[in-house]
Amino acid sequence: MIPAQFDYAAPATLDEALSLLAERPDDAKILAGGHSLIPAMKLRLAQPALLIDIGRVKDLSYIREEGGQIRIGAMTTHYQLESSERLREICPLLPECAASIGDVQVRNKGTIGGSLAHADPAADWPAAIISLRAELVAVSSRGERVIAADDFFVDMLTTALRPDEVLREIRINAPGGRTGQAYMKVHHPASGFAVVGVAVSLTLGADGKCSAAGVGITGVATKAYRAAQVEGALVGSTPDEQTTASAASHAADGVDANGDIYASADYRRHLAVVYARRAIAEAVAKIK
Amino acid sequence: MKIEGTHELRAPRERVWQALVDPSVLQRCIPGCERLERTGEDSYAATLRTGVGAIKGVFQGSVRLEDMSVPTHYRIVVDGKGQPGFLKGAGDLDLEERDGGTVVRYAGDVQVGGTLASVGQRMIQGAAKMMAAQFFTALEAEAQVEQGDPPPRHGFFRTALRAISGLLRQIFKRH
């Protein structure tokens with residue numbers, strides 16, 4: 001449980017961090033909350049030659065509202081998101097998702113940016129971020145770019161971030177009107193990771209029909225995905241019990257599911273359907 | 001653990017077969033393969049520096065090709081170990097012609113042990129699928145090269161681009 005030798009840098013500014021990273025993009029890793037990277041290093045499954053700790057960089061930890069968007073700094077901890085009163089009012093999916101992550105220690109140290117950049121196939125945030133159609137702001141010494149949540153997760157533990165880029169901010173359009181949200185997951189009993197996790201954000205129009213739907217699913221495949229067929233079946237219909245069940249039945253359509261010692265691929269697909277149905281029903285029930 | 005899958009390659013079967021039995025092609029296609037040396041008839045020694053995301057390791061091992069039936073089938077037997085753990089297994093590869101292209105079907109059984117298996121169990125199957133996809137995408141590019149031309153270059157972005165264009169082609173074909 002002792003990591004291999006590595007160099008350590010704790011820059012005070014993001015610019016410094018970016019220039020360090022630009023010098024050694026192939027063997028340096030950014031350290032955020034360290035709740036995925038450090039365990040992997042202690043097991044020597046990850047052996048970065050340089051660790052760039054961005055914990056001392058100011059102004060990467062915040063929850064702001066700007067131009068109709070919620071903007072979250074990458075170093076905002078799960079606990080800060082879980083305990084934000086304002087988010088509970090305007091986008092309750094975020095605190096709900098945060099509260100389901102790991103345990104208290106993990107939530108106190110782990111960050112939303114670290115979790116997203118690590119892209120664990122069973123992490124909770126990717127499902128929420130996809131369902132909310134978030135934008136992710138990546139920055140490097142070459143400049144800044146915005147990546148859509150759908151394009152961000154490339155494969156298992158692999159994101160669209162380039163080796164010299166750091167995730168700086170997450171932007172979410174504040175849901176308006178009659179919106180209900182829910183995150184439901186099957187907790188892995190040992191790790192707390194999602195065996196399957198389904199995030200739903202659903203908006204009803206004046207006629208009681210669903211005008212917008214976002215459904216993100218994690219834990220099933222090598223990366224979190226948008227359940228586009230479920231969304232398609234919901235939009236334009238009245239989300240009663242029957243519609244919800246038939247929409248949710250498409251939760252794992254065309255998905256190459258993964259199996260492990262705890263849950264087979266078929267079982268994960270089954271859970272995706274059941275939890276999609278429950279999460280949609282819960283989101284609908286929350287609409288005032 | 002069972003690993004199986006199917007990949008459709010837009011290259012004639014003869015070319016795919018040649019690529020699959022050419023150690024220099026295999027070395028270029030296997031993600032992270034630093035060394036693939038012939039040690040005997042259809043036997044090779046390999047060094048792999050490979051991984052997924054931040055999780056990386058170096059593996060040393062042997063590869064043996066058996067039950068060769070040109071150009072439709074062989075069995076591959078691998079045995080390797082490295083700092084993160086060990087793996088051992090065998091699998092069958094079958095090549096089938098379809099519409100001028102080639103369908104490669106693989107099915108195998110692999111035992112993984114050590115740290116990798118005890119803490120990474122939930123990710124092993126996904127990682128295997130991901131690496132298989134990278135391998136076959138690179139292999140397809142190799143098989144499409146005319147004989148005598150220089151081999152294609154592989155890298156993460158090139159491989160990703162090829163994978164995306166292949167996917168788009170499949171989607172359009174379906175409609």
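Within every chain, numbering begins at 1; the chains are lettered A, B, ... in the order of the sequence lines, protein sequences first and strands thereafter. None of these values were measured; they are calculated from a predicted model.
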Visitor: Does B:R35, at its CZ atom, have more than 12 non-hydrogen atoms belonging to other residues, nucleotides or ligands within less than 6.0 Å?
Guide: yes
Visitor: Do B:L116 and A:L45 touch side chain to side chain, with heavy atoms closer than 4.5 Å?
Guide: yes
Visitor: Under 4.5 Å, counting heavy-atom pairs only, tell me which of B:K56, B:Q83, B:M123 racks up the most with chain A.
Guide: B:M123
Visitor: Tell me if the CZ atom of B:R49 is crowded by more than 12 foreign heavy atoms within 6.0 Å.
Guide: no
Visitor: My understanding is that only residues two or more places apart in sequence, or in another chain, count here; which of them pass side chain to side chain donor-acceptor pair (under 3.5 Å) with B:T6?
Guide: none
Visitor: To check you understand the geometry: which heavy-atom pair defines the closest contact between B:I55 and A:A40, and what is its length?
Guide: CD1-CB, 3.6 Å
Visitor: With a sphere of 6.0 Å drawn around OH of A:Y267, does it hold more than 12 non-hydrogen atoms of other residues, nucleotides or ligands?
Guide: no
Visitor: A:G259, A:A257, A:P48: which one forms the most heavy-atom pairs within less than 4.5 Å of chain B?
Guide: A:G259
Visitor: Determine the minimum heavy-atom distance between B:V52 and A:M156, stating which atoms define it.
Guide: CG1-O, 3.1 Å
Visitor: Identify the heavy atoms of A:K29 and B:A54 that sit nearest to each other, and give their distance.
Guide: CE-CB, 3.7 Å
Visitor: Apply the test salt bridge (Lys or Arg N to Asp or Glu O under 4.0 Å) to residues A:D155 and B:K129: give CA-CA distance (whole Å), side-chain angles for both, the deciding distance (0.1 Å), then the verdict.
Guide: CA-CA 10 Å; A:D155 213 326; B:K129 276 182 197 161; over 6 Å; no
Visitor: To the nearest 0.5 angstrom, please state how far the CE atom of B:M130 sits from the OG1 atom of A:T158.
Guide: 3.0 Å
Visitor: Kindly say whether A:N258 contributes a backbone atom to a donor-acceptor pair with the side chain of B:Q125 at under 3.5 angstrom?
Guide: no
Visitor: Can you tell me which portion of A:A122 sits under 4.5 Å from chain B's heavy atoms? Options are side chain, backbone, both or neither.
Guide: both
